[in-house]
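See structure below.
Letters A, B, ... mirror the listed sequences (proteins, then strands); counts begin at 1. Values reported hereafter were calculated over all heavy atoms of this structure, with side chains retained and with hydrogens, waters and symmetry mates removed.
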2 protein chains.
Amino acid sequence: MAGPRVDDIYDQVKAMAVSFRLRPGDRLNEVALSKDLGVSRTPLREALNRLVAERLFDFRPGQGFFCRPLDAQSVFDLFELRQIIETAAARAACAKASDEDFQTLRNELYAKGIDITGLTIEEAVTRDEAFHLAIAKLSGNMELLQTLTRINERIRYIRWISMSLDRVQRSKGEHKQVMQALMDRDADEAARVLGAHITKRMDQVQDAVRHGISSIYMEGSEDISTRIIEEVQE
Amino acid sequence: MAGPRVDDIYDQVKAMAVSFRLRPGDRLNEVALSKDLGVSRTPLREALNRLVAERLFDFRPGQGFFCRPLDAQSVFDLFELRQIIETAAARAACAKASDEDFQTLRNELYAKGIDITGLTIEEAVTRDEAFHLAIAKLSGNMELLQTLTRINERIRYIRWISMSLDRVQRSKGEHKQVMQALMDRDADEAARVLGAHITKRMDQVQDAVRHGISSIYMEGSEDISTRIIEEVQE
DNA sequence: GCACACAGATCTGTATACAGTTTTGTATAT
DNA sequence: ATATACAAAACTGTATACAGATCTGTGTGC
């Protein structure tokens, strides 16, 4: 049988890194992990090298692979970059996407993000991310989409933590404004609202980070599986 | 002795891919290449996996590594993304960089890009790229810089070809405008001029690509080492 | 002349072994 | 008690071997 082993390993290790199941800064024990995954070190190291290129791991010659720590500056930079790319994507979408595209976006992803009561934080972030990625996709620029996807992977855990600290999802109204601006094909407005939305999130995240990024590493994990009770009235 | 073997292999293979010495679309023979480089397949494959993550190679399970072909759409997308990132970087630089930073930029990289007579096309593109990257660095956003660096690697060969077809470098006056706007800290003007500059380049490249991307693959190589004779008066 | 099938060669995918380095633990001296 | 030196254990880095998949080329049948 076989199947694409490296791709599977890559996905599994990436999932561990993204969810911080491997603690940032820690050295990765190749032998132990390869036994855990039931493969040998060779394909594991191949997968790890991909993740090094994606900046999810550090590689120090002679010492091995390290789960990459996320410092406050990197978090800020990644959010800023995300804002740059998403606002540009919204502008491009206004120019390039069809009315049908926007209808689909509204009916599928936007609609699913409205009521998140009863969802876990992980699920809520996933839906939020999906809406934002869908806009990026409507830009028609696959390289942009790919780049944003990578950025999202690196800050996903921070978004989980931030949301679990805040408890309440306040993006409903903002998403509505973004959706409206897109359907009006008002590029300036779409970029403005989306940019402000991300800035607000970034501020929340900065608070969380200031609160101590090291403590963030410890908790979590169970928090993202707690369910969201209520939603603010908009 | 030893030294970081994988990093070296990575650099060497990347250099081959970026300069299209490995022809796009071609399958890579691991045994042959590993013999060429004087290493075994194991570290070579590790390096190749990094390059897969950077989209310089494709990986098809069961078939191996393929030098990634650059289609017209990808070239367009990469240039568009480059424009988005660079204009945003210029805006950020206006807000964050110090006067001293701009002085250094002007005296070192800007000045070196003015007179390119006698340089090879490869050298001229390198200087152009260095100026643009320096602006990105002044944004203070290292993630942005990293992302742009990766994009540049993927379109470098196209820029070589485009410049060798055009023969004449017309960026002198445009760079001057960008430099001036930066020193005035006029973010809107800097973004506008830089954006227009990249758009112009993109148009030239699109012409080159329409001219036939397949023919582009064949020639080149020697063209980039031809020296630039004259420069337009500005 | 063309399509298909089969066999040989080639190449990829992974496990394993081993050399060399780094880390860890212990014992000794100050 | 602290620092240092040394030895043992653990781990990384790479080569190699082998199994399995893929490709290539030839020959046969239609």
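- Picking from D/dA15, C/dT16, C/dG13 the nucleotide with the shortest atom distance to the side chain of A/Ser40 gives C/dT16.
- We find that CG of B/Leu33 is positioned 14 Å from C1' of C/dC11, with the value rounded to whole Å.
- The NZ atom of B/Lys35 sits 12 Å away from the P atom of C/dT12 (whole-angstrom rounding).
- Side-chain atoms of A/Asn29 lie closest to D/dT12 of the nucleotides D/dA15, C/dT12, D/dT12.
- Among the atoms of the strands shown, base atoms are found under 4.0 Å from some heavy atom of B/Arg45.
- Dashed line: the shortest gap from a side-chain N or O of B/Arg5 to OP1 or OP2 of D/dA15 is under 4.0 Å.
- Spacing between atom CG of A/Asp26 and atom P of C/dT23 amounts to 15 Å, rounded to whole angstrom units.
- For B/Gly38 and B/Arg27, each mapped to the nucleotide of DNA chain D holding its nearest heavy atom, the one lying further toward the 5' end belongs to B/Gly38.
- Looking at heavy-atom distances under 4.0 Å, B/Leu28 makes contact with sugar-phosphate atoms alone, never a base.
- Looking at heavy atoms from C-beta onward, B/Arg45 lies out of side-chain contact with A/Thr42 at the 4.5 angstrom threshold.
- A/Leu48 places its CG atom 14 Å from the P atom of C/dT14, with the value rounded to the nearest Å.
- The aromatic rings of A/Tyr157 and A/Phe20 lie parallel to each other, with less than 30° between the two planes, well short of the 60° mark.
- Put simply, CG on A/Leu37 is 15 Å from C1' on C/dA15, counting in whole angstrom units.
- The CD atom of A/Glu30 sits 12 Å away from the C1' atom of D/dT14 (whole-angstrom rounding).
- A salt bridge does not link A/Arg55 with B/Glu143: every distance from a Lys NZ or Arg NE/NH1/NH2 to an Asp or Glu carboxylate oxygen is 4.0 Å or more.
- Under the 30°/60° scheme for interplanar angles, the aromatic rings of A/His132 and A/His175 are found to stand perpendicular.
- Because its NZ or CZ atom is not both nearer than 6.0 Å to the ring centre of A/Phe79 and within 45° of the ring axis, A/Arg201 does not count as a cation-pi partner of that residue.
- One finds the OG1 atom of A/Thr120 at 10.0 Å from the CE atom of A/Met163 (value rounded to the nearest 0.5 Å).
- Between A/Glu46 and B/Phe59, every side-chain heavy-atom pair lies at or beyond the 4.5 Å cut-off.
- Counting only heavy atoms from C-beta on, B/Val39 has its side chain closest to D/dA15 among D/dT12, C/dT12, D/dA15.
- Between D/dT12, D/dT16, C/dT14, one nucleotide has an atom nearer to the side chain of A/Pro43 than all others, and that is C/dT14.
- The residue B/Arg41 sits close to a base: some heavy atom pair falls under 4.0 Å.
- For B/Phe66 and C/dT12, the CZ to P distance is 9 Å, given to the nearest whole Å.
- Residues A/Gly62 and B/Gly64 each lie close to DNA chain C; by heavy-atom proximity, the contact nearer the 5' end of the strand is made by B/Gly64.
- Defined by atom type and a distance below 3.5 Å, a donor-acceptor pair is missing between the side-chain atoms of B/Ser74 and B/Asp77.
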Polar atom pairs (N or O), protein with nucleotides 6-9 of chain D, under 3.5 Å:
none

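- Summarising the geometry, the separation between CZ on A/Arg60 and P on C/dT23 is reported as 9 Å, rounded to the nearest angstrom.
- Taking only side-chain atoms of A/Gln63, from C-beta outward, the nucleotide of C/dT14, D/dT14, C/dT22 with the closest atom is C/dT22.
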